[in-house]
Amino acid sequence: MTAAPPVTGPVPLSRNRDYRLLWGGQALSEFGFHAAVIGFPLLVLALTGSGAASGLVMGTVAAAQMVVGLPAGVLVDRLDRKAVMLGCEAAQAVSAISLVAAVWSGAATVWHMVVVAAVFGASAALFAPAENASLPALVADGQLPTAVAMNTARASMGQLAGTATGGFLFAAGRFVPFLVDAVTHTLSFVALLFVRLPRRERAPGGPGPLCREALAGLRWVWREPRIRVTVVCAVVLNLFFSAYYLVVIVLAESRGVPSGEVGVMAAMLGVGGVLGALVAPVLHRRLGPYGAIVAVFWALAGLAPVTVLLDSGYLIGVLFALIALFPPAANTAIMTDQLLRTPDELRGRLTSTLVLACGAAGAAGPALGGSLAQALPGGRAILLCSAGMAAAAVLATLSPALRALSRRAEDGRPVPAG
């Protein structure tokens, strides 16, 4: 009688060569990106002394991300995703090198920086859906929550480290942040060359018009109850949290909190995000997808009003770290469920829709916060923002579609909400 062959599970992420190459390359790339982004306003101010020109360059990065965001999902679903990611890395490396050469020769202009900033923003808008849509092809379904959380941690660490280091790099030389960015994107390009991404099967019939495919993706997202409610909840939460953040800064300054303490507050938000991303897989396993999402929403709604009672920037920073500790767990639960539920040919459009919706809410939030801070006393404005976050928490808690996340099929895939 022959023994049954041993049952082997998926390769652990720590030994998954392709995932490690992608993750490591992007860790470098994101560090360089944020070092360069913080270098843009410093370079503009050094060359022109114009705050308006600095705002133009910085605004171009965000504007390019928003404009390219929706068609990016269609292109990612239509084209070879590895080629898209390679093209994004190459474009950013070449544009950064062009700026290094211009600064080195004394020929840098604001419009050159605007073009480079547009390339950066467009590349970021294309790369994110390409990477997210490729993730289920690189890791096993059961490893997807950990992979999503690790990508979130990577993004938080890259933003924190790049932003903190960019100023020192600029002090070493005006071209240095952009040289570092060119080097990191080049290294990421090389790492991507060795990532083995399975070839996708093309849908029959060939691609249709860009606008029609983009609308098809939007319709699919809206018709899926679980995805629709998570998008609505995330948009509401992003809108009111972005408003709350600005109101807190305004309130802190009105209470005489030193600018150094305000900087600590912002930094602690990033530290909390990194720690939250690292513990997100544990929270996801302990609480389950539905529990993680609901706990995060209520944690933010409950912690935000405490700011009214605090006068110390350091204490507010500790509160910010606690607030930022929880969202990565919800992001892990939401993104994992949505990637597994979404057909491969629509995953790019799913990610681009989420990024566009949450990005628009995040951009509108400061405008709302500024209006509230001007129209209401700081404490009332904070309570109003907290009420908005509580409304999102109620919606998430009562949603039958989200409650269905607590039911798991035997193979580990989410049970359909319908």
(request) Starting from the C-alpha separation in whole Å, work towards a yes-or-no answer on side-chain contact (heavy atoms from CB on, under 4.5 Å) for Glu89 and Gln26. (result) CA-CA 10 Å; Glu89 294 301 316; Gln26 280 309 289; 3.1 Å; yes
(request) Starting from the C-alpha separation in whole Å, work towards a yes-or-no answer on side-chain contact (heavy atoms from CB on, under 4.5 Å) for Arg380 and Leu383. (result) CA-CA 5 Å; Arg380 291 185 184 178; Leu383 292 177; 5.5 Å; no
(request) Give every residue pair that meets the ring-ring contact (aromatic ring centres under 6.0 Å, His included) criterion with at least one member in residues 136-179, sequence neighbours excluded. (result)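 Residue pairs with at least one partner in residues 136-179: Phe40-Phe178, Trp104-Phe175.
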Indicate the atoms forming the closest heavy-atom contact of [X] with [Y], along with that distance.
X	Y	value
Leu287	Ala292	CB-N, 3.7 Å
Leu372	Cys385	CD1-SG, 3.8 Å
Ala133	Val76	CB-CG1, 4.4 Å
Arg154	Ala27	CD-N, 3.5 Å
Ala155	Glu30	CA-OE1, 3.1 Å
Leu135	Ala147	CD2-CB, 4.2 Å

Interatomic spacing from [atom1] in [X] to [atom2] in [Y] - rounded to 0.5 Å:
X	Y	atom1	atom2	answer
Leu169	Ile38	CG	CD1	11.5 Å
Arg403	Leu398	CZ	CG	7.0 Å
Arg226	Gln338	CZ	CD	9.5 Å
Arg17	Leu22	CZ	CG	12.0 Å
Thr60	Met113	OG1	CE	11.0 Å
Leu251	Leu246	CG	CG	11.0 Å

Mark yes or no for whether [X], through its side chain, and [Y], through its backbone, hold a donor-acceptor pair below 3.5 Å.
X	Y	answer
Arg20	Ser14	yes
Ser123	Phe120	no
Ser156	Ala153	no
Asn16	Leu138	yes
Ser188	Thr184	no
Ser242	Asn238	yes

Taking the side chain as every heavy atom from C-beta outward, state whether [X] and [Y] have any pair of such atoms under 4.5 Å apart.
X	Y	value
Val84	Phe127	no
Leu368	Leu239	yes
Val279	Leu275	no
Val116	Ser98	yes
Ile227	Leu350	yes
Arg81	Asp344	yes
Met150	Tyr19	yes
Met335	Asn151	no

(message) Once salt bridge (Lys or Arg N to Asp or Glu O under 4.0 Å) is applied, do any residues pair with Arg219, and if so which ones, sequence neighbours excluded?
(response)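 So Arg219 forms no salt bridge (Lys or Arg N to Asp or Glu O under 4.0 Å) with any residue.
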(request) For the pair Val236 and Phe241, evaluate side-chain contact (heavy atoms from CB on, under 4.5 Å) and give the outcome as yes or no after the intermediate values. (result) CA-CA 8 Å; Val236 173; Phe241 181 78; over 6 Å; no
(message) Does Leu21 form a side-chain contact (heavy atoms from CB on, under 4.5 Å) with Leu192? I'd like the steps, not just the answer.
(response) CA-CA 7 Å; Leu21 282 171; Leu192 269 170; over 6 Å; no
(request) Please check if any side-chain donor atom of His34 sits under 3.5 Å from a side-chain acceptor atom of Gln159, or the reverse. (result)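 Note: His34 and Gln159 side chains miss the donor-acceptor criterion.
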Could you go through residues 303-331 and list every donor-acceptor pair under 3.5 Å that involves a side-chain atom there, pairing it with any protein atom two or more places apart or in another chain?
from   : atom 1 : to     : atom 2 : distance (Å)
Thr307 : OG1    : Tyr244 : OH     : 2.5
Thr307 : OG1    : Ala304 : O      : 2.8
Asp311 : OD1    : Arg255 : NH1    : 3.2
Ser312 : OG     : Tyr314 : N      : 3.2
Ser312 : OG     : Leu315 : N      : 3.4
Asn331 : ND2    : Thr152 : OG1    : 3.1

(message) Assess whether a salt bridge exists between Asp18 and Lys82, defined as any Lys/Arg side-chain N lying under 4.0 Å from an Asp/Glu carboxylate O.
(response)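 Result for this pair is no, no salt bridge flagged.
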(request) Give the C-alpha distance, both sets of side-chain angles, the deciding distance and a yes or no for side chain to side chain donor-acceptor pair (under 3.5 Å) between Asp337 and Tyr290. (result) CA-CA 10 Å; Asp337 175 72; Tyr290 172 70; over 6 Å; no
(message) With side chain to side chain contact (heavy atoms under 4.5 Å, CB included) as the test, pick out the partner of Leu28 among Thr186, Asp181, Leu187.
(response)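 The residue from Thr186, Asp181, Leu187 that satisfies side chain to side chain contact (heavy atoms under 4.5 Å, CB included) with Leu28 turns out to be Leu187.
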